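First, the structure itself, so that you have it in front of you.
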Amino acid sequence: MVRTVSPGRPSEARSRLLDAACRLFYEEGIHSVGVDRIVTEAQVTRATFYRHFPSKEDLVVAYLDEAHQAERGRADTAVAGGLPAADTVRALSRSIAQGIQSPGYRGCAFINAVAEYPDSDHPVHQAVLAHRQWFLDTVAGLLAQIREAPAEAAAQHFVMMRDGATAAGCLFDPEMVCETFLHGVEGLLRTHATTR
């Protein structure tokens, strides 16, 4: 008999598996970390692993969902501040900059994952695209509040600046990268607010 886990409350074993996977996938890369390593780190059996995650790819999707929920939480916190839209974009940008300057930073989990799963039909690739669409829509919604004009192009520009900063942040001086990113955001906000 297979024990079922309440969907509202993840089991301790599932939480340990996901915690181990999140840490190892981010630090070492997804393909370089096997199921045996995750099982050992989480101190569970292989049977327990497969009871919670039918495949490694299911665990990878769960890892990306954890990363998505963390980013969504930061965005929701910025929006919940009740600031004008431009200041909310600034708050979101500062949150991104803080992440880039955090200890152990290894780039964007989503960009790293999509590099390992280039097939656009793969569930991991699809999870990355869904996250990016949510982020683009969030930024476009904020920029649309600054002025009544299509905000898609400005939002795409913001996402590209964020992508560049997250990639450069683990290659160069993170403080300099963040300063450049935040300066670029200010320029984008000025241009978007005044473009006719």
Side-chain angles (χ1 to χ4, degrees), residues 22-23 25-27 29-30 60-61 63-118 120 122 124-196:
C22 288
R23 181 174 48 79
F25 288 162
Y26 186 71
E27 290 176 359
I30 296 168
V60 175
V61 170
Y63 153 65
L64 292 175
D65 185 57
E66 287 287 304
H68 170 74
Q69 294 305 326
E71 284 199 24
R72 187 172 195 135
R74 289 189 291 273
D76 289 348
T77 298
V79 171
L83 299 170
D87 289 334
T88 301
V89 171
R90 289 181 181 102
L92 184 59
S93 302
R94 285 191 300 273
S95 174
I96 291 165
Q98 288 169 352
I100 292 169
Q101 295 180 78
S102 65
Y105 181 73
R106 301 233 189 307
C108 171
F110 297 94
I111 293 174
N112 294 347
V114 84
E116 294 195 56
Y117 290 87
S120 61
H122 195 282
V124 171
H125 195 104
Q126 290 295 311
V128 171
L129 294 179
H131 167 77
R132 291 180 65 79
Q133 188 62 54
W134 161 80
F135 188 75
L136 178 65
D137 292 345
T138 299
V139 173
L142 290 167
L143 293 173
Q145 294 175 41
I146 295 172
R147 65 184 287 272
E148 293 181 16
E152 286 298 316
Q156 289 173 351
H157 188 166
F158 181 95
V159 172
M160 285 190 293
M161 286 193 304
R162 191 241 358 216
D163 288 348
T166 59
C170 57
L171 298 171
F172 305 108
D173 174 26
E175 189 174 335
M176 178 272 297
V177 167
C178 291
E179 185 178 313
T180 302
F181 168 63
L182 294 173
H183 181 73
V185 170
E186 288 300 323
L188 176 68
L189 288 171
R190 279 193 304 274
T191 300
H192 181 68
T194 58
T195 300
R196 298 284 179 232

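Since we're looking at a predicted model, the values are computed, not measured. All residue numbers in this chain count up from 1 along the given sequence. Side chains are part of it too, since the values below use all heavy atoms of this structure and drop only hydrogens, waters and symmetry mates.
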Task: Any residue meeting side chain to side chain donor-acceptor pair (under 3.5 Å) with Asp163, in chain and number order, not counting sequence neighbours - done: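 With sequence neighbours excluded, Asp163 shows a side chain to side chain donor-acceptor pair (under 3.5 Å) to Arg132, given in chain and number order.
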- [ ] Keeping to residues at least two apart or across chains, list the salt bridge (Lys or Arg N to Asp or Glu O under 4.0 Å) pairs with something in residues 102-113.
- [x]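 For residues 102-113, and leaving out neighbouring residues, there are no salt bridge (Lys or Arg N to Asp or Glu O under 4.0 Å) pairs at all.
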Open item on the list: What's the separation between atom CZ in Phe181 and atom OG1 in Thr166, rounded to the nearest 0.5 Å?
Closed with: 9.0 Å
Open item on the list: For residues 166-182, which residue pairs pass the salt bridge (Lys or Arg N to Asp or Glu O under 4.0 Å) check, not counting sequence neighbours?
Closed with: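 Qualifying pairs, neighbours excluded: none.
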Side-chain atoms of residues 151-161: list all donor-acceptor pairs with protein atoms under 3.5 Å, sequence neighbours left out, distances to 0.1 Å.
none

- [ ] Please confirm whether the backbone N or O of Ile30 pairs with a side-chain atom of Glu116, one donor and one acceptor, at under 3.5 Å?
- [x]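 Side chain of Glu116 to backbone of Ile30: a pair is present.
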Task: Non-neighbouring partners of Asp137 that pass salt bridge (Lys or Arg N to Asp or Glu O under 4.0 Å), sequence neighbours left out - done: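 Residues passing salt bridge (Lys or Arg N to Asp or Glu O under 4.0 Å) with Asp137: none at all.
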TODO: Look up atom NE2 in His192 and atom CG in Leu142, then write down how far apart they are to the nearest 0.5 Å.
DONE: 10.0 Å
Open item on the list: Rounded to the nearest 0.5 Å, what separates atom OG in Ser95 from atom CD1 in Ile100?
Closed with: 10.0 Å
Task: Residues which pass side-chain contact (heavy atoms from CB on, under 4.5 Å) with Glu66, listed by chain and number, not counting sequence neighbours - done: Leu18, Cys22
Using atom types as modelled, flag every donor-acceptor pair under 3.5 Å from a side chain in residues 69-84 to any protein atom, sequence neighbours excluded.
unit_1 : atom_1 : unit_2 : atom_2 : d
Glu71  : OE1    : His131 : NE2    : 3.2
Thr77  : OG1    : Gly73  : O      : 2.9

Task: side chain to side chain contact (heavy atoms under 4.5 Å, CB included) evaluation trace for Leu92 with Val139 - done: CA-CA 9 Å; Leu92 184 59; Val139 173; 4.3 Å; yes
Task: Partners meeting side chain to side chain donor-acceptor pair (under 3.5 Å) with Thr88 (sequence neighbours left out) - done: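 With sequence neighbours excluded, Thr88 shows a side chain to side chain donor-acceptor pair (under 3.5 Å) to no residue whatsoever.
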Task: Residues which pass salt bridge (Lys or Arg N to Asp or Glu O under 4.0 Å) with Arg23, listed by chain and number, not counting sequence neighbours - done: Glu41
TODO: Can you sort out the partners of Asp87 under salt bridge (Lys or Arg N to Asp or Glu O under 4.0 Å), two or more places apart, ordered by chain and number?
DONE: Arg90
Task: Nearest-0.5 Å distance that lies between atom CD1 in Ile96 and atom CG in Leu182 - done: 9.0 Å
Open item on the list: With a 3.5 Å distance limit and no angle check, can you tell me whether Tyr26 reaches the backbone of Gly107 through a side-chain donor-acceptor pair?
Closed with: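 Answer holds: yes.
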- [ ] Look only at the side chain of Asp65 and the backbone of Val61, and say whether a donor-acceptor pair between them is shorter than 3.5 Å.
- [x] no
Task: From CG (Leu136) to CZ (Arg162), nearest 0.5 Å - done: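 The CG atom of Leu136 sits 9.5 Å away from the CZ atom of Arg162.
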Open item on the list: Which residues pass the ring-ring contact (aromatic ring centres under 6.0 Å, His included) test with Tyr117, not counting sequence neighbours?
Closed with: His31, His122
Open item on the list: Show, in sequence, the C-alpha distance, side-chain angles and deciding distance for Leu143 and Leu189, and conclude whether the side chain to side chain contact (heavy atoms under 4.5 Å, CB included) test is met.
Closed with: CA-CA 8 Å; Leu143 293 173; Leu189 288 171; 3.9 Å; yes
Task: Pairs flagged by ring-ring contact (aromatic ring centres under 6.0 Å, His included) wherever residues 88-109 is involved - sequence neighbours left out - done: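 Of all non-adjacent pairs touching residues 88-109, none passes ring-ring contact (aromatic ring centres under 6.0 Å, His included).
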